[in-house]
Chemist: 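Could you have a look at this structure, given as structure tokens, before my questions?
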There are 2 protein chains.
Amino acid sequence: MLRALGEGEWGPGAMIPSEADLAARFGVSQGTVRKAIDEMAAENLLVRRQGKGTFVATHNDPRAFYRFLRLASNDGSVRPTRSVPLSCRHVAATEAVAQALRLQAGDAVVTLERTLNFAGENGEHVVLDEIFLPGDIFGSLTLERLQQEERSLYSVFESWFGVRMIRAEERLRAIPANAHAAALLVVPEGAPLLLVERITYTYGDRPVEWRRGFYNTEHYHYFNELS
Amino acid sequence: MLRALGEGEWGPGAMIPSEADLAARFGVSQGTVRKAIDEMAAENLLVRRQGKGTFVATHNDPRAFYRFLRLASNDGSVRPTRSVPLSCRHVAATEAVAQALRLQAGDAVVTLERTLNFAGENGEHVVLDEIFLPGDIFGSLTLERLQQEERSLYSVFESWFGVRMIRAEERLRAIPANAHAAALLVVPEGAPLLLVERITYTYGDRPVEWRRGFYNTEHYHYFNELS
DNA sequence: AAGTGGTCTAGACCACTCG
DNA sequence: GAGTGGTCTAGACCACTTA
């Protein structure tokens, strides 16, 4: 019911009409609108704020900056992260990339490399990300533009390309570090790394990002809640 | 409101009173009861079944047998698992165990080792679990009794000790296989393994299990949904 | 004070299950 | 057909935010 509207009518961060207005517009009662909004809020599509209104979820909100980052320090300390872009190239999709992004092999793809840094005594690089994005949307991405950004990648993607990341699926494995990752993460070649493969979806379950993250889990870990 | 009741009044798998009965009992309307039940169902404490009733969640239900197991085959195939108990010893809690289970170092603890097997061509052992349980609850656990069981561990714990696992926190790291794990999982010593540390909680956020799972992620992976 | 979401009510009707 | 959860209504009142 409201899903179709959520896809275009109100931009990220915008306030949607009040429950009473929506009820009148759709010819249902306020309680019904309320329930629909509740469901979308449970899916992190909307954010309610009492006394203010209901807003379209956005990665530009500091509260949601690291919504998809499940990394925490082993000793419980919380440090700010910094993303360091390394490369940004325009290539043709390999079979694997095409399958993940539901493209044809050979289609235009933007591939991006970056490390995640945690501030602190040693300031080590903890994550190396290889990111693949469909070229038809992200074709104008360049390393220079990224290097001038302080915000999170998803925040940038949202501002520049209007792509809101809604949900993601991750697959985790333990693998030996290859030479490239070992050099960037400053670990011996062959050292165990946590490989986090992520496919990120936007509205309509369209995959818009494939990401392979190499995590050095010596001082950090991936956390998860099960219920 | 209903939480206090959920802790003892109705057993696992039992049907709770109808929404109308509960409304009368607490002097609120059916809609309010409904909302409370909705919230508990969202936390997997209750299970609703239209036309039948609302039931207390249980690990004995086939639908929930592997609620906490986030392991899937890389090729998408689904195979039944088999748990092979290896040892069951009564020991004194080390510092690490005591902290995880909120006990004092030296308190009685039951430690259990088992592998998880996936049926199939090769029938390999994919997971080695080291499980630590508070001795005051699980003191009567023995290897012999476990070996005669076909059900999941949590299902057994629920039947034998009345302990329902409600939620869990997991921390994941990549580590090199030690000699013990390498032998049981049939991988070279030092091969990368996924270490999944889990603390499992029962009602009242009481930790009742600490588990260290060593996952061989060559043909399987840990999956997760982010939203 | 006006507008927002948050909670609750009392009742209606529907969809599903089972004897 | 009786009993269950599933959905919806129209309205009341409360808590929070902002001007």
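By convention in this document, chain letters (A, B, ...) are assigned in the order of the sequence lines, proteins followed by strands, and residues within each chain are numbered from 1.
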Chemist: Can you name the residues that form a salt bridge (charged side-chain N to carboxylate O under 4.0 Å, His left out) with A:Glu197, not counting sequence neighbours?
Modeler: A:Arg173, A:Arg212
Chemist: Kindly write out the residues that satisfy side-chain contact (heavy atoms from CB on, under 4.5 Å) with A:Gln50, not counting sequence neighbours, or none if the list is empty.
Modeler: none
Chemist: Scan for salt bridge (Lys or Arg N to Asp or Glu O under 4.0 Å) pairs involving residues 95-104 of chain A, sequence neighbours excluded, and state none if there are none.
Modeler: none
Chemist: C:dG3 C1' sits how many Å from A:Ile16 CD1, rounded?
Modeler: 15 Å
Chemist: Measure the distance from CD1 on B:Ile37 to P on D:dG5 and round it to the nearest whole Å.
Modeler: 7 Å
Chemist: Please determine whether a side-chain nitrogen of the Lys or Arg among B:Arg70 and A:Glu169 lies less than 4.0 Å from a carboxylate oxygen of the Asp or Glu.
Modeler: no
Chemist: Using whole Å, report how far CD of A:Glu19 lies from P of D:dT9.
Modeler: 13 Å
Chemist: Quick one: is A:Thr54 getting a side-chain N or O under 4.0 Å of the C:dG5 phosphate, OP1 or OP2?
Modeler: yes
Chemist: Quick one: on DNA chain D, does A:Gly27 or B:Ala20 contact a more 5' nucleotide (nearest heavy atom)?
Modeler: B:Ala20
Chemist: Base, backbone or nothing for each nucleotide of nucleotides 10-19 of chain D, written B, S, -, heavy atoms under 4.0 angstrom, 5' to 3'?
Modeler: -----BBSS-
Chemist: Taking A:Thr58's backbone N and O only, do any of them form a donor-acceptor pair with A:Asp61's side chain (distance below 3.5 Å, no angle check)?
Modeler: no
Chemist: Just jot down the side-chain hydrogen bond (donor to acceptor under 3.5 Å, both in side chains) partners of A:Thr115, sequence neighbours excluded, or say none.
Modeler: A:His125
Chemist: Excluding sequence neighbours, so at least two apart, what forms salt bridge (charged side-chain N to carboxylate O under 4.0 Å, His left out) with A:Asp21?
Modeler: none
Chemist: Measure from CZ on A:Arg34 to P on C:dT9 and round the result to the nearest Å.
Modeler: 15 Å
Chemist: Can you measure A:Asp38 atom CG to D:dG6 atom P for me and round it to whole angstrom units?
Modeler: 16 Å
Chemist: To the nearest Å, give me how far apart NZ (A:Lys35) and P (C:dG5) are.
Modeler: 19 Å
Chemist: Roughly how many Å is it from CZ in A:Phe55 to C1' in C:dG3, rounded to a whole number?
Modeler: 12 Å
Chemist: Just call it for A:Arg49: base, sugar-phosphate, or nothing, with non-hydrogen atoms closer than 4.0 Å on any strand.
Modeler: sugar-phosphate
Chemist: Using whole Å, what does the distance between atom C1' of nucleotide C:dT4 and atom CE of A:Met15 come to?
Modeler: 7 Å
